[in-house]
2 protein chains.
Amino acid sequence: MELVAELLKITASGRYVAIIDEETAGLLGVHSSDRLRVAYRGTEVVAMANIAADFPLNHVGLYAEISGMLGIKGGELVEVQLAKMPESLGYVRAKIRGERLREQDMVTIVKDVVERHLSEAEIAAFLTALKVYGLSMGETEALSRAMFETGKTIDFGETPLLDKHSIGGLPGDKTSMLIVPIVAAAGFTIPKTSSRAVTSPAGTADRVETLCPVNLSIEEIRKVVSKTGGCLVWGGALDLAPADDLFIQVEYPLGIDPLLLPSIMSKKKAMGATHVTIDIPTGSGAKIKTMTEAYTLASDFVDLGKRLGMTIQCAITYGEQPLGYAIGPALEAREALTTLIGGGPQDLKEKAIILAGILLEMVGVKGGRQRAENILQSGRAERKLRDIISAQGGNPDVKPDDIPVGDQRIEITSAQAGRVLWMSTDSIVQIARAAGAPKEKGAGVLLKAKLGEAVKKDGLLFEIYAERTSKLESALELAQRLKPVVLSKKAEEQMLLDQIPEKVTDEKPFMIER
Amino acid sequence: MELVAELLKITASGRYVAIIDEETAGLLGVHSSDRLRVAYRGTEVVAMANIAADFPLNHVGLYAEISGMLGIKGGELVEVQLAKMPESLGYVRAKIRGERLREQDMVTIVKDVVERHLSEAEIAAFLTALKVYGLSMGETEALSRAMFETGKTIDFGETPLLDKHSIGGLPGDKTSMLIVPIVAAAGFTIPKTSSRAVTSPAGTADRVETLCPVNLSIEEIRKVVSKTGGCLVWGGALDLAPADDLFIQVEYPLGIDPLLLPSIMSKKKAMGATHVTIDIPTGSGAKIKTMTEAYTLASDFVDLGKRLGMTIQCAITYGEQPLGYAIGPALEAREALTTLIGGGPQDLKEKAIILAGILLEMVGVKGGRQRAENILQSGRAERKLRDIISAQGGNPDVKPDDIPVGDQRIEITSAQAGRVLWMSTDSIVQIARAAGAPKEKGAGVLLKAKLGEAVKKDGLLFEIYAERTSKLESALELAQRLKPVVLSKKAEEQMLLDQIPEKVTDEKPFMIER
């Protein structure tokens, strides 16, 4: 059917969408969610049909993605027909019915996700089915392969190529900023890409960005790595496993994360990693709550690594409270830099040395942990980080105090004396975000007491930093309601952790970072 | 944050959608799928955030739904903030985790579906979780109540109020066109609403529309029913259980139908029905394939009816082949009218008498089946249908041959002599749709032999009717490929029903009609 093209002059966020009115839809036999084939002078686009009650008859409304591809200016006659549903939708339906999918089926789905031939509703149904049924290891492998095969890959021409990844969910975890310089200073190649925060107060990319640019091109990354052996860059714009961004967009409101393994591993594979340490923070404050879950996940990572030709070791680490004292991009960057210089909290130092040690031993270094500790103590890791900062375009002479933090600050004190018995990391995340993190990089929470530490009456529990008064006030109000730090003189004196509904039940943040 | 309102001047199909650019989204802390609160002069709308790479900075793009509600013309400053996710999304997430939902949770979800506060991806995830986990009877009841409470209801002021419904999926099932006049002629009230075809060749509304208007308002329906005791109208525009249309839109591409029971029963409840017969066609050609499934579904209908205060009886009926000989709106209307006049196929007559008989006995008529048969044989049902046609605005004197059918016609003959051993209703559905049904009302298939009937060599198997040559050719080509009618002299001579991949595997139509 020939219809007059009407240009909508806005994008549909990368989707191919065409609008027709109800009557035209009826004549074409098209329903909402059906696909339309829109053709003009030998070029064809398959678009999702959007049926509108009030759109002009015999017109087709084209979002910018389509008009761009067809090269039309508006007013032309284009041929519009009902198109077949994509083959991948058949596999999505099979997964909803509980069927196992073959590798080529997964590739077809992932390709259609990347090329925008599946709607968000169809992707949501696929992800929900994966979440509910779980994935077989064969499916996980197939998805991982499909995800990196549909994206870019980087060849650094180095073997071994090391990498480190945390499955995320532990606030204050700035370990990567220590491990990358330690491992690079040991003479190995470790090109680390990181994510920005979605629902947490800071991602590694947000932290590093307070020191130097992180939004580098593949060519720039290659230069930094060949010069320094490492990098700390944002992976989001590199088009590695681009399906993952689209999956995350859909998963985020649903609070599900069925693609944790393929998402992480496809990106490691795309970077050409040969040896990877995966950190699995475990505890009430982390994404993984129990050791049993952690062991299962760890063995899946190792198994998947073998299937994809990578050597994987997992570290199950303590996740009952935030790592270090600082939460928020700039506060955390300060703490990481301080630790490299020679101060810093013990838990952060310990974790960085252990994970770097594991990585070094994986590639044949004897006494990896001792080696990592020596590199950190000797100041060689600090110098390496400064080399990386410089290579990425930052100031290599930066001191911790040079990193700007919010000038709005408030102290939260304790109404009683005691020891810290319990800490709600969820609440601390909410307070840091209310203060403005991660968007306002100087915002966040600085803990003044951690589990087991003694606090006097009116003693400091934590400080809130913000860049704006209004945000500081919101964060303060939240801190007073949520009371995230629980004290007791002895453990048995404070058995009540929470009282319902006395406390406000804010929606818990779902951690999609990975 | 104050942003300049930019009017997009198109609707988003009833959704509340606002576009902002990436940088503004970053400043607001807004991600794709997050909600925005858009406020102007004391009026607020919560919209889905659509983040575009190329949208002008400090502007917010408003689809017509929002600009209409806010009463703005474009260029005004509006206040835009990140809004909380809707409460219903928490229940959607709980369902994805496998939790049982309470009645008030379901009401919250359905309300947010109707008020467009949940995205299609979120609805898809909800429906997929319902499909995979199944619904408890409590949840089914809660959903049914939520669905009719969020829509309009009609009070006919009559008790008992009878109704009949087929769960659908059997091509050629025009039984309602006989049952409604039989029951109304017996002196009972039976206001029947029907659907149009989505994936089938004809819905009852499509069939009746060849005789009289079916798109009546609630007031018009009330008049028709008070005059004749019955009606045969399209239920789609009456706003009964409006959530269902939105659910169907999402279910249709996914090929799932988890809301069959609440969908049907909420609409019956909205019409005020007290006694309902539910027809469950069962067999390889129908939606329900086995007797076990049929019994389970039937007992769920009866149970749900009790919970909603309706008396339900189910009839499990033969569904191995199309009902009658005609498939397609006009061809079926001809066959129904012929049957009322006194001819017509035996299976259609039998089924109509049985179902009408069950309904009559449900309201205390002794020997309901005999009564139904008498009413049909005596011509009283025919006169009642003509009264209804007239009351709905059609020609009461219409004869079967007056109903126009496609003037393009082709006969499909048999290459061998034998008896019809097997018939693929799926294939017949595809052929009828390829011929133009349901949009082209004169298109369809007219069977010339059914299961067990003898056919000579070169004897007629079926005819295809179309309104356009091109459609006739497509349908013919499909008929030659699919060979939907299988003959044999004796059953044991033809054990092979299908050969794979010799035959083309067209995607099977999913039946969403209900």
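In what follows, every chain begins at residue 1, and chains take the letters A, B, ... in the order their sequences are listed. Since the structure is predicted, the reported quantities are computational estimates derived from the model, not experimental observations. Quick note: numbers below take in every heavy atom, side chains included, and nothing from hydrogens, waters or symmetry partners.
Ion pairing between a basic and an acidic side chain is recognised when a charged N comes within 4.0 Å of a carboxylate O; A:Lys95 and A:Glu139 show such pairing.
Per-residue counts of heavy-atom pairs under 4.5 Å with chain A were compared for B:Gly61, B:Gly26, B:Gly98; the largest is that of B:Gly26. Per-residue heavy-atom pair counts under 4.5 Å with chain B were compared for A:Asp34, A:Val250, A:Leu27, and the maximum is reached by A:Asp34.
Looking at A:Ile123, there are no atoms closer than 4.5 Å to chain B (heavy atoms on both sides), in backbone or side chain. Neither the backbone nor the side chain of B:Phe126 comes within less than 4.5 Å of any heavy atom in chain A.
Note that the CG atom of B:Leu127 and the CD atom of B:Glu122 stand 12.0 Å from one another [nearest 0.5 Å].
With hydrogens and angles ignored, the 3.5 Å screen pairs a side-chain donor or acceptor of B:Asp206 with a backbone N or O of B:Ala197. Side-chain N or O atoms of A:Glu79 include one that pairs as donor or acceptor with a backbone N or O of A:Met1 at under 3.5 Å. Under the 3.5 Å distance criterion, the side-chain polar atoms of B:Arg37 are left unmatched by any main-chain donor or acceptor of B:Lys84. Looking only at distances, no side-chain donor or acceptor of B:Thr108 sits under 3.5 Å from a matching main-chain atom of B:Ser88. Using modelled atom types, one side-chain atom of A:Arg93 and one backbone atom of B:Pro253 make a donor-acceptor pair closer than 3.5 Å.
Within residues 4-12 of chain A, the residues having any heavy atom under 4.5 Å from a heavy atom of chain B are, by residue number, A:Leu8, A:Ile10, A:Thr11.
By the 30° and 60° cut-offs, the orientation of the rings of B:Tyr63 relative to A:Tyr63 is tilted.
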